[in-house]
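Down below is the structure, laid out as structure tokens.
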Amino acid sequence: MWLFDRDLWIEIFHTLGKNMFRTFLTMLGVIFAMIILILLLGSANGMSNGFDKVFAGTASNSLFVWGQSTAEPYKGFERGRRIRYKIEDAEILKKQIPEIEVLAPRIELGNHRGVVTVYRKGQTSGSSVYGDYPEIDNITKKRLVEGRFLNKTDIEDSKKVCVIGEETYKLLFDKGENAIGEDIRINGVFFSVVGVYKPNNNINIDGENAVFIPFTTFQKAFNSGDRMGWMAIAVEPNTKVPVVENQIKDILKAKYDIHPDDERAIGSFDMSEIFNNISSFTNVLKGFSFFVGIFTLLAGVIAISNILLITVKERTKEIGVRRALGATPIVVKRQIVVEAIVLTAFAGLIGFAISVGILSILNSLWGSGKDFPFVNPMVSIPQFSISFLLMVSLSVLIGLIPANKAIKVRPIEALREE
């Protein structure tokens, strides 16, 4: 096979090596183009990975629903009526909307009882106190520092246990003190600490200064009856959250006699909207990076074509001799194109190695930081493969320009060339 012809490669490297400085300058454009392309793609990937880290532990297909005040009079009710949910609403929604994967009823102390006091040995924390089901951990994941989270037994037996945030621990306990098994008082009611957590990401929905107790315990300890503050909901994969959100609102409006056009009575927050916006942003960023990088790469490859045109002019006599000795046009064209490919591929690999080194340095500087979403800014194998193949393809197309010029040289005219 001609590609493994030893003489071909010797001749190519001899030709490229005759003027090393010019060859280096020719490659420089492709090197910088590849560096720019990989840096742009890697940085876009780093931002995408950083956002994934920020949102890790929060269900991307989730929403929160709570009651507000009506804005429209309806069926004899005046506007401004406060909507208060009941625990039965959670069961109704789960039965009527099969797309709901997780529904966790929640209630917060203080919403209906005024001041909250979380106390231990003369110290108070000013914590938020939530009555929750264990399912809430599937929507807003808590990273446990020690102990455990609420479980099914806590709910069934209405145990007086609690899980506290890391900030709550610092306010109520001395540094290094074991909190597990210790008691704290919440509005005069004793609870035993079974776990200490810190948020799993920067999306701090509940905060670090919070206390979680079983929902059923909350009902009995603080006489909340069948009230429910709000609902945290996760829908099934491949299901659009806004569709489920509208279904939930329609059911609740019918149950609580809310005007169908009243947009204020039921509050909601669609977490998937944030994820979708960020995903769209990172995809546009990746596309823009690839677009800019490819055109920069094209400019570098065109420079190689221009240099090869000069080289063909300098080698007119050599080409004439080869043609006179029987070299066919395809052989001459093939050598010029392979020279273009070798120059481009070698320069591209050098640029790739340099850019990977730069990305590694950037990752070491910012990859583990919390303030800037930038994690593992590397290109994927498919991205590199597509970039490299596109670069080689461009070199073939651009290399055909000097190659076609070379085969147009007539042997007799080339031999007369001075």
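In this structure, the side chains of Lys159 and Thr153 come closer than 4.5 Å at one or more pairs of heavy atoms. Side-chain atoms of Tyr85 and Leu252, non-hydrogen and from C-beta on, do get closer than 4.5 Å to each other. Side-chain contact between Ile266 and Val65 is present, with at least one heavy-atom pair separated by less than 4.5 Å. In this structure, the side chains of Val211 and Val163 stay at 4.5 Å or more apart for every pair of heavy atoms. When side chains are defined from C-beta on, Ser224 counts as touching Gln219, because their heavy atoms get closer than 4.5 Å. Side chains of Phe346 and Val30 form no contact here, defined as non-hydrogen atoms less than 4.5 Å apart. Between Ile136 and Phe149, some side-chain heavy-atom pair lies under the 4.5 Å cut-off. Inter-residue side-chain proximity for Glu167 and Lys198 is flagged as unmet; no heavy-atom pair is nearer than 4.5 Å.
Ring-plane geometry between Tyr169 and Phe173 is classed as parallel, the angle between the planes falling under 30 degrees on a 0 to 90 degree scale with a further cut at 60. Note: Trp230 and Tyr130 have perpendicular aromatic rings, judged against thresholds of 30 and 60 degrees for the angle between ring planes.
Within the model, atoms CD of Glu166 and CG of Leu171 stand 11.5 Å from one another, a figure rounded to the nearest 0.5 Å. Residue Glu101 holds its CD atom at 6.5 Å from CG of Asn61, rounded to the nearest 0.5 Å. Remark: Ile92 CD1 to Leu103 CG distance equals 11.5 Å, nearest 0.5 Å. Separating the NZ atom in Lys121 from the CD atom in Glu182 is a distance of 5.5 Å, to the nearest 0.5 Å. To the nearest 0.5 Å, the span separating CG on Leu93 from CE on Met231 amounts to 5.5 Å. Interatomic distance, CG of Asp270 versus CG of Leu63, reported as 6.0 Å (0.5 Å rounding).
In terms of modelled atom types and a separation under 3.5 Å, the side chain of Lys160 and the main chain of Ser158 share no donor-acceptor contact. Listed for the Thr282 side chain is a donor-acceptor partner under 3.5 Å among the backbone atoms of Ser279. Under a 3.5 Å cut-off, the side chain of Asn276 and the backbone N or O of Ser272 do form a donor-acceptor pair. Put simply, the side chain of Ser355 never gets that close to the backbone of Ile35: no donor and acceptor are under 3.5 Å apart. Side chain of Arg106 to backbone of Asp132: no donor-acceptor contact under 3.5 angstrom is found. In terms of modelled atom types and a separation under 3.5 Å, the side chain of Asp262 and the main chain of Ile258 share no donor-acceptor contact. Looking at Asp154, its side chain does come within 3.5 Å of a backbone N or O of Asn151 through a donor-acceptor pair. Here the side chain of Thr70 pairs a donor or acceptor atom with the backbone of Gly80 at under 3.5 angstrom. Between the side chain of Asp137 and the backbone N or O of Pro134 there is no donor-acceptor pair closer than 3.5 Å. Side-chain atoms of Ser62 never come within 3.5 Å of backbone atoms of Ile233 as a donor-acceptor pair (strictly under, hydrogens ignored).
Taking each heavy atom of Gly42 and Leu359 in turn, the nearest pair found is CA-CD1, 4.0 Å. Across all their heavy atoms, Gly147 and Ile180 have their closest contact at CA-CD1, 3.9 Å. The minimum heavy-atom distance linking Met271 with Phe64 is given by the pair CE-CE1, 4.0 Å. For Cys162 against Ile184, the heavy-atom pair with the smallest separation is SG-CD1, 3.7 Å. The two residues Ser289 and Ala44 make their nearest non-hydrogen contact at OG-CB, 4.2 Å. Heavy atoms only, all atoms of each residue included: Ser127 and Val118 are closest at CB-CG2, 4.0 Å.
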**Residues Phe384, Leu37; criterion side chain to side chain contact (heavy atoms under 4.5 Å, CB included); working and verdict** = CA-CA 10 Å; Phe384 170 72; Leu37 173 61; over 6 Å; no

**Message:** I'd like to know whether Lys255 forms a salt bridge (Lys or Arg N to Asp or Glu O under 4.0 Å) with Glu88, so could you lay out the CA-CA distance, the side-chain angles of the two residues, the decisive distance to 0.1 Å, and finally the verdict.
**Reply:** CA-CA 11 Å; Lys255 184 176 186 295; Glu88 66 183 30; 3.1 Å; yes

**Message:** I'd like to know whether Val189 forms a side chain to side chain contact (heavy atoms under 4.5 Å, CB included) with Arg185, so could you lay out the CA-CA distance, the side-chain angles of the two residues, the decisive distance to 0.1 Å, and finally the verdict.
**Reply:** CA-CA 5 Å; Val189 181; Arg185 277 195 297 169; over 6 Å; no

**Item:** Stepwise ring-ring contact (aromatic ring centres under 6.0 Å, His included) test for Phe388 and Phe352
**Value:** CA-CA 9 Å; Phe388 190 78; Phe352 177 74; 8.7 Å; no

**Prompt:** Stepwise, does the side chain to side chain contact (heavy atoms under 4.5 Å, CB included) test hold for Met228 with Ile107?
**Reply:** CA-CA 5 Å; Met228 174 176 61; Ile107 191 168; 5.9 Å; no

**Request:** Check step by step if side chain to side chain contact (heavy atoms under 4.5 Å, CB included) holds for Leu150 and Phe212.
**Result:** CA-CA 8 Å; Leu150 304 177; Phe212 298 91; 4.3 Å; yes

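Counted within 6.0 Å of CD on Gln123, heavy atoms from surrounding residues, nucleotides or ligands total more than 12; the atom is thus considered enclosed. Dense packing is recorded around CZ of Arg148, with more than 12 heavy atoms of other residues, nucleotides or ligands lying under 6.0 Å away. Around atom CG of Leu389, more than 12 heavy atoms belonging to other residues, nucleotides or ligands sit under 6.0 Å away. The environment of CG in Asn277 is crowded: more than 12 heavy-atom neighbours from other residues, nucleotides or ligands sit within 6.0 Å. Atom CD of Glu78 sits in a sparse spot, with 12 or fewer heavy atoms from other residues, nucleotides or ligands closer than 6.0 Å.
Salt bridge status for Lys240 with Glu99: absent, with no side-chain N to carboxylate O gap under 4.0 Å. We find that Arg120 and Glu177 are joined by a salt bridge, their nearest charged nitrogen and carboxylate oxygen being less than 4.0 Å apart.
Looking only at atom types and distance, the side chain of Asn209 has a donor-acceptor partner in the side chain of Thr168 under 3.5 Å away. Ser268 and Glu245 share a side-chain donor-acceptor pair at under 3.5 Å. Between the side chains of Tyr119 and Asn187, no donor N or O sits under 3.5 Å from an acceptor N or O.
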